[in-house]
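Throughout, a chain's letter reflects where its sequence line sits, starting with A, and its residues are numbered from 1. The basis for the numbers below is simple: all heavy atoms, side chains too, and nothing from hydrogens, waters or symmetry mates. Quantities reported herein were computed from a predicted structural model and do not represent experimental measurements.
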Amino acid sequence: MTVPQTMFEKIWNAHTIAEEDGELLMYVDRAYVHEGSSHSFAQLAQRGISMAKPQQVYAFTDHYVPTASRAHGLDSIQDPAIKNMVIKLHTNSAKHGNHVFGFDHPQQGILHVVPPELGITQPGMFICGADSHTSTHGAFGSIAFGVGASEMTHVMATQKIWQRKPRTMRITIDGRLGWGVTAKDVILAIIAKISAQGGVGFVIEYAGAVFSAMSMEQRMTVCNMSIEGGARAGMIAPDETTYSYMHGLPRAPSGTAWQQALEFWQTLPSDRGAIFDKEVSLRGEDIAPMVSWGTNPEQSLAVNHVIPNPKDIDDSDLSLEYASAIDYMGLRPGMPITDIQLDRVFIGSCTNSRIEDIRAAASIAKLGCAKVPAWVVPGSQSVKRMAEQEGLDQILVAAGFEWREPGCSLCTAINGDQLKPGERCASTSNRNFRGRQGIGGRTHLVSPAMAAAAAIHGHFVDVRKLLR
Amino acid sequence: MQAFTQIKGVAAPIHEPNVDTNQICPTRFNKVSRGPEYARVLFHDRRFNLDGSEKEHLLNIDPYNRAQIIVADRNWGCGSSRESAVYALYEFGIRCVIATSFGDIHANNCAKNGLLPVILSEAEVLELHQQLALKPGAEIAVDLATQSVTAPNGRVFQFDIHPVRKLCLLKGLDDIARTEQYADAAQAFHAHYDRERPWLKPLSAH
Ligand code: SF4
């Protein structure tokens with residue numbers, strides 16, 4: 001009898017080329033880069049190296065692009081330094097012969113939104129991206145993780161990467177999610193449970209009824225934030241939901257190739273009895289809509305809770321950490337989360353900028369009118385077009401939300417979209433670190449529905465009460 | 001890559017958990033080309049006001065402005081994969097960070113740039129902090145060959161490091177050259193892999 005294997009092990013082993021003292025040389029099916037990858041291109045140029053498999057490298061314009069009107073093409077970019085970054089990516093990746101999703105491309109968008117929607121990301125793949133949220137692509141049952149510039153240079157030069165084998169963790173959530181509870185709440189609840197470093201050294205497989213019931217968009221939201229729990233990657237076994245999402249996508253296999261691929265993909269899920277290095281479990285029913293109150297994603301609570309009091313915490317380091325986070329965030333211990341007043345709302349980022357996220361936001365926007373500036377930034381031109389066909393942009397705009405062009409935008413605040421010092425934002429992005437959305441900015445991570453609800457009330461509300 | 005063998009230098013205590021790469025190198029500096037300008041980028045928004053004047057920060061004052069070692073806490077370098085965080089550390093003069101744990105990607109980025117990430121136990125890191133508090137500006141010695149950290153009071157702590165990471169750092173070896181030695185293995189791999197997954201033939205770029 002063969003030893004039962006996890007999905008991770010099957011994919012890992014299939015990509016191992018060689019081993020040297022416990023470091024493994026792994027084959028990389030796809031590499032995803034963006035404007036910020038200029039350091040890697042510079043290293044290649046400096047050493048006069050060309051790419052090993054340029055057609056397996058995909059370049060995206062997302063981090064630096066403005067999300068205001070693009071009526072004048074590249075000339076719509078006001079800041080010369082940013083314009084230069086975008087042009088540099090265009091020329092570098094064109095020169096090397098990569099697939100380029102440039103500023104004017106009809107499929108332009110975030111590097112974790114575009115490849116899945118075109119069928120570039122597929123089950124069983126080994127994917128490296130020049131961005132930590134590459135873990136998103138694990139939602140298709142692939143091993144996908146972010147690497148730094150030097151490692152990306154190596155991937156470009158060889159289409160391979162040296163890795164040590166991570167350990168495996170399975171997070172099982174059985175039961176059902178309550179009404180108004182979303183994938184974003186699930187992953188925030190997981191991180192609150194395992195901590196921001198609970199996943200260090202692990203690849204997480206998410207399993208159980210809650211994930212099986214999720215759409216691909218929701219699965220991507222979960223896998224996206226694996227890195228916020230410290231894990232290198234997150235993955236979910238491919239199933240009928242995966243295959244029907246992928247079938248017919250422009251860059252997915254078709255015809256007999258689809259059949260061959262499908263048969264192979266069906267062999268990927270973890271075998272019954274496969275052993276994980278660590279097991280964690282939660283119940284779907286126990287998860288409520290979540291809000292992060294602090295300065296790392298682990299500092300998150302259900303919306304009906306109050307801000308913790310550092311004095312109640314025995315661990316003195318943790319107590320200090322809480323006090324400093326509460327101070328930075330301008331909150332008071334014991335304050336109900338629903339009393340937190342917002343200055344801005346941002347719905348977007350590779351965590352929550354897909355069509356379902358826009359739908360969720362629009363369904364809440366219908367119920368009122370935005371009391372604070374609220375932006376909706378779709379993750380890609382395809383998402384934008386789809387939303388417009390469904391009339392979601394009209395609903396949002398009628399409710400006072402601003403409908404913008406695709407990009408990372410206020411998630412990382414390098415394209416000029418940013419918070420002013422002290423401004424407080426309900427954000428559907430993935431990081432609430434100090435200054436992430438602009439110097440002195442304060443970020444609360446929430447789901448799209450919670451963000452939209454906060455926009456129309458000016459403070460956090462329990463979205464379950466609105467939906468009833 | 002610059003080799004790392006041993007150093008002895010001023011250690012700056014940054015006793016704070018979950019210091020993310022965004023603190024080490026604020027995002028807007030990512031686009032700076034690698035060079036000495038990165039010295040100023042390190043913890044920029046904690047060290048400098050908006051008008052460019054200095055704030056009160058450990059790394060702005062002598063002798064910490066010439067620190068070669070940072071003694072951190074847990075989960076150092078979590079968050080974004082930006083390698084510019086390492087450029088900032090390196091150009092400032094930091095050659096070694098000691099912590100109880102690291103963000104995965106950041107630790108890799110450090111090692112690929114000749115900066116040694118050292119993991120010690122909680123008790124050991126705490127002791128280093130206590131000693132640095134008693135003797136501000138004291139020096140710590142780090143020796144990669146013997147995998148040891150010598151505290152200001154002479155106590156020696158051993159650390160673990162993966163043998164390959166150790167070798168690459170000691171010799172300043174680069175991965176690309178190493179990979180090229182496996183051309184035969186790669187060929188054998190592809191003979192099998194490409195046949196097994198015919199649907200993966202890459203589409204030409206357009
Ligand atoms: S949306 Fe934010 S987290 Fe996602 S790739 Fe862009 S900057 Fe990174």
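Both the backbone and the side chain of B:N75 come within less than 4.5 Å of a heavy atom of chain A. At a 4.5 Å heavy-atom cutoff, the contact between A:A130 and chain B is made by backbone atoms alone. Looking at B:P26, there are no atoms closer than 4.5 Å to chain A (heavy atoms on both sides), in backbone or side chain. Contact annotation for A:I49: only side-chain heavy atoms (C-beta onward) come within less than 4.5 Å of a heavy atom of chain B. Residue B:N30 touches chain A through both its backbone and its side chain, counting heavy-atom pairs closer than 4.5 Å. Proximity to chain A (any heavy atom under 4.5 Å) is restricted, for B:L50, to the side chain, taken from C-beta onward. Residue contact with chain B, scored on non-hydrogen atoms closer than 4.5 Å, is absent for A:N430. For A:R232, the parts lying near chain B are the backbone and the side chain together; criterion is any non-hydrogen pair under 4.5 Å. Contacts between B:T179 and chain A at a heavy-atom distance below 4.5 Å involve backbone atoms as well as side-chain atoms. Of the two parts of B:V32, only the backbone, made up of N, CA, C and O, holds a non-hydrogen atom closer than 4.5 Å to a non-hydrogen atom of chain A. Residue A:T158 touches chain B through its side chain alone, counting heavy-atom pairs closer than 4.5 Å. Contact annotation for A:E321: only side-chain heavy atoms (C-beta onward) come within less than 4.5 Å of a heavy atom of chain B. Heavy atoms of B:N109 lying under 4.5 Å from chain A belong exclusively to its side chain. Contacts between B:F102 and chain A at a heavy-atom distance below 4.5 Å involve the backbone alone (N, CA, C, O). In this structure, the portion of A:N296 lying under 4.5 Å from any heavy atom of chain B is its side chain and not its backbone. Residue contact with chain A, scored on non-hydrogen atoms closer than 4.5 Å, involves the side chain of B:R82 exclusively. Neither the backbone nor the side chain of A:H133 comes within less than 4.5 Å of any heavy atom in chain B. For A:A261, the parts lying under 4.5 angstrom from a heavy atom of chain B are both the backbone and the side chain.
Remark: B:K31 NZ to A:I82 CD1 distance equals 5.5 Å, nearest 0.5 Å. Taking CG of B:N108 as the reference point, atom CH2 of A:W162 lies at 13.5 Å (rounded to 0.5 Å). The line from OG1 of B:T27 to CD of A:Q437 is 10.5 Å long, rounded to the nearest 0.5 Å. Residue B:R74 holds its CZ atom at 7.0 Å from CG of A:D317, rounded to the nearest 0.5 Å. Atom CD1 of B:I105 and atom CZ of A:F145 lie 8.5 Å apart (nearest 0.5 Å). Put simply, CZ on A:R436 and OG on B:S80 are 6.5 Å apart, with the number rounded to the nearest 0.5 Å.
At a threshold of 4.0 Å, the pair B:D174-A:R47 counts as salt-bridged, since one of the basic side-chain nitrogens sits closer than that to a carboxylate oxygen. The residues B:R178 and A:E20 are annotated as salt-bridged, a charged nitrogen and a carboxylate oxygen being separated by less than 4.0 angstrom.
With B:E83 as reference, A:Q43 is the one residue of A:E151, A:M152, A:Q43 to meet the side-chain contact (heavy atoms from CB on, under 4.5 Å) rule.
When all heavy atoms of A:D29 and B:L200 are compared, the closest pair comes out as OD1-CD1, 3.7 Å. The minimum heavy-atom distance linking A:F433 with B:C78 is given by the pair CZ-SG, 4.5 Å. Nearest approach of B:S101 to A:Q197, heavy atoms of both residues: OG-OE1, 2.9 Å. Heavy atoms only, all atoms of each residue included: B:A186 and A:K160 are closest at CB-CE, 3.5 Å. The two residues A:S132 and B:S81 come nearest to each other via the heavy atoms N-OG, 3.4 Å.
Side-chain contact annotation: A:H39 with B:S84, donor-acceptor N/O pair under 3.5 Å absent.
No other option in A:K53, A:Q260, A:E35, A:R164 has as many heavy-atom pairs under 4.5 Å with chain B as A:R164. Ranked by heavy-atom pairs shorter than 4.5 Å toward chain B, the options A:I414, A:T153, A:V57 are led by A:I414.
Contacts between residues 187-197 of chain B and chain A, counted as heavy-atom pairs separated by less than 4.5 Å, involve B:F189, B:H190, B:Y193, B:R197.
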